[in-house]
Amino acid sequence: NWLSQFLASFSSFGNSATYFDSLTIPNDINILKNYYFSHGFFRTNVNAIYSIDKNGKEIASLTYIINENEPTNFNKLIITGLENISSTFSQKINSIISIDSTVQYSDLKVEQNRDGILSYLQDNGYMLVQADQPIVEIDTIYTNSVNVKMNFKIGTRYKISNISVEKSGPGKSLVSDELIKEIVNI
């Protein structure tokens with residue numbers, strides 16, 4: 001069994017034949033373009049060339065030619081909807097943000113920053129905070145940069161006003177209310 005796994009790691013020996021279908025090439029090109037686009041390569045060109053050897057071997061050769069062009073960096077991150085939070089929260093959110101003009105654009109980076117802000121706000125009482133879909137403005141003509149706009153709807157900040165703990169079991173007298181507050185971090 002280990003021999004077949006080893007052979008399969010670098011060859012198609014023992015596997016069923018893989019057939020070439022030129023009709024899937026446009027879909028593959030779109031997948032490649034979307035991949036590059038999501039990583040800040042907005043002017044990527046992808047072409048494909050294929051040939052079929054008909055000298056009895058019936059082997060197809062497929063080559064993708066990818067011209068990435070220049071990657072695009074972030075320019076500005078514009079955040080709205082957080083104007084009414086405390087300056088302490090604003091400072092913390094600014095420290096969470098990892099987008100600046102030296103960073104190459106990526107969809108993942110935008111998502112990570114949005115999720116980091118959401119998590120921080122939820123962990124600090126804004127349980128119902130919502131974020132709109134980020135708006136991404138791409139300028140590949142003049143500045144080759146991206147502006148991202150994120151809007152948040154923070155809602156009401158909730159605070160714990162009262163804690164009631166019901167203890168049971170043989171060790172209930174050994175657990176103090178202060179210990180529970182320390183463990184829960186409130």
Side-chain angles (χ1 to χ4, degrees), residues 1-82 90 92-122 129-154:
N1 191 13
W2 68 269
L3 178 62
S4 63
Q5 289 177 350
F6 173 71
L7 291 173
S9 70
F10 61 86
S11 74
S12 61
F13 181 74
N15 291 337
S16 59
T18 303
Y19 296 101
F20 174 72
D21 182 0
S22 64
L23 296 176
T24 63
I25 293 173
N27 186 45
D28 293 343
I29 288 173
N30 283 334
I31 290 169
L32 287 167
K33 284 182 176 181
N34 287 337
Y35 173 81
Y36 277 95
F37 194 90
S38 71
H39 287 83
F41 293 91
F42 299 119
R43 294 177 291 176
T44 299
N45 296 314
V46 180
N47 293 304
I49 299 172
Y50 70 91
S51 63
I52 299 174
D53 178 13
K54 296 186 179 190
N55 294 332
K57 295 182 182 179
E58 298 181 7
I59 297 174
S61 172
L62 172 62
T63 304
Y64 290 101
I65 301 157
I66 302 171
N67 182 0
E68 294 177 340
N69 286 309
E70 290 296 315
T72 304
N73 284 1
F74 287 100
N75 182 35
K76 285 192 281 188
L77 173 62
I78 302 161
I79 298 176
T80 58
L82 303 181
S90 291
K92 179 61 178 172
I93 287 171
N94 285 333
S95 73
I96 292 170
I97 295 170
S98 62
I99 290 176
D100 64 46
S101 61
T102 64
V103 177
Q104 182 175 322
Y105 174 85
S106 78
D107 290 346
L108 179 61
K109 191 63 109 171
V110 172
E111 185 179 327
Q112 287 172 337
N113 279 264
R114 184 197 65 215
D115 291 350
I117 294 168
L118 282 171
S119 292
Y120 176 76
L121 290 169
Q122 289 168 339
V129 64
Q130 295 178 339
D132 295 341
Q133 183 70 27
I135 297 171
V136 178
E137 296 174 347
I138 304 166
D139 178 1
T140 58
I141 296 173
Y142 298 110
T143 62
N144 195 33
S145 63
V146 175
N147 292 329
V148 178
K149 296 178 181 177
M150 291 185 192
N151 183 54
F152 293 87
K153 297 177 184 91
I154 58 171

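Just so you know, these numbers use all the heavy atoms, side chains as well, and skip hydrogens, waters and symmetry mates. The shown structure was predicted, so the numbers you read here are calculated from the model rather than taken from an experiment.
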Evaluation steps, side-chain contact (heavy atoms from CB on, under 4.5 Å), between Leu77 and Met150: CA-CA 8 Å; Leu77 173 62; Met150 291 185 192; 3.9 Å; yes
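- Closest approach of His39 to Gln104, counting heavy atoms only: O-NE2, 2.7 Å.
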side-chain contact (heavy atoms from CB on, under 4.5 Å) evaluation trace for Phe152 with Ile79: CA-CA 8 Å; Phe152 293 87; Ile79 298 176; 3.9 Å; yes
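- Within the model, atoms CG of Asn151 and OG1 of Thr80 stand 3.5 Å from one another, a figure rounded to the nearest 0.5 Å.
- Minimum heavy-atom separation, Lys92 to Tyr120: CG-CE1, 3.1 Å.
- Counting only N and O atoms by type, the side chains of Ser98 and Asn113 include a donor and acceptor under 3.5 Å apart.
- Between Val148 and Pro134, the closest heavy-atom pair is CG1-CB, 4.2 Å.
- Of all non-hydrogen atoms in Gln130 and Leu118, the two that sit nearest each other are C-CD2, 4.2 Å.
- Here the side chains of Leu121 and Ile93 are in contact, with some heavy-atom distance below 4.5 Å.
- Put simply, CG on Leu82 and NZ on Lys153 are 12.0 Å apart, with the number rounded to the nearest 0.5 Å.
- Below 30°, between 30° and 60°, or above 60°: for Phe74 and Tyr105 the angle between ring planes is between 30° and 60°, a tilted geometry.
- Contact annotation: the side chain of Thr72 never approaches that of Arg43 to less than 4.5 Å [non-hydrogen atoms, C-beta and beyond].
- Judged by distance alone, the side chain of Asn147 and the main-chain N or O of Lys76 form a donor-acceptor pair under 3.5 Å.
- Rounding to the nearest 0.5 Å gives a distance of 11.0 Å between CZ of Phe42 and CG of Asp139.
- More than 12 heavy atoms of other residues, nucleotides or ligands shown are found within 6.0 angstrom of CD on Glu68.
- Between the side chain of Asn73 and the backbone N or O of Ser101, at least one donor-acceptor pair lies under 3.5 Å.
- Listed here is the closest heavy atom pair of Ile117 and Ile96: N-CG2, 4.3 Å.
- Atoms OG and CD, on Ser106 and Gln112 in that order, are 7.0 Å from each other to the nearest 0.5 Å.
- Here the side chain of Asn75 pairs no donor or acceptor atom with the backbone of Ser145 at under 3.5 angstrom.
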Show me the donor-acceptor pairs, under 3.5 Å and distance only, between side chains in residues 23-33 and residues at least two apart or in other chains.
residue	atom	partner	partner atom	Å
Thr24	OG1	Asp21	O	2.8
Asp28	OD2	Tyr64	OH	2.8

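- Distance check, rounded to the nearest 0.5 Å: CD1 of Ile138 to OG1 of Thr143 gives 11.0 Å.
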Check against side-chain contact (heavy atoms from CB on, under 4.5 Å), Asn69 and Thr140: CA-CA 11 Å; Asn69 286 309; Thr140 58; over 6 Å; no
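- With rounding to the nearest 0.5 angstrom, the CG atom of Asn67 is 7.5 Å from the OG1 atom of Thr44.
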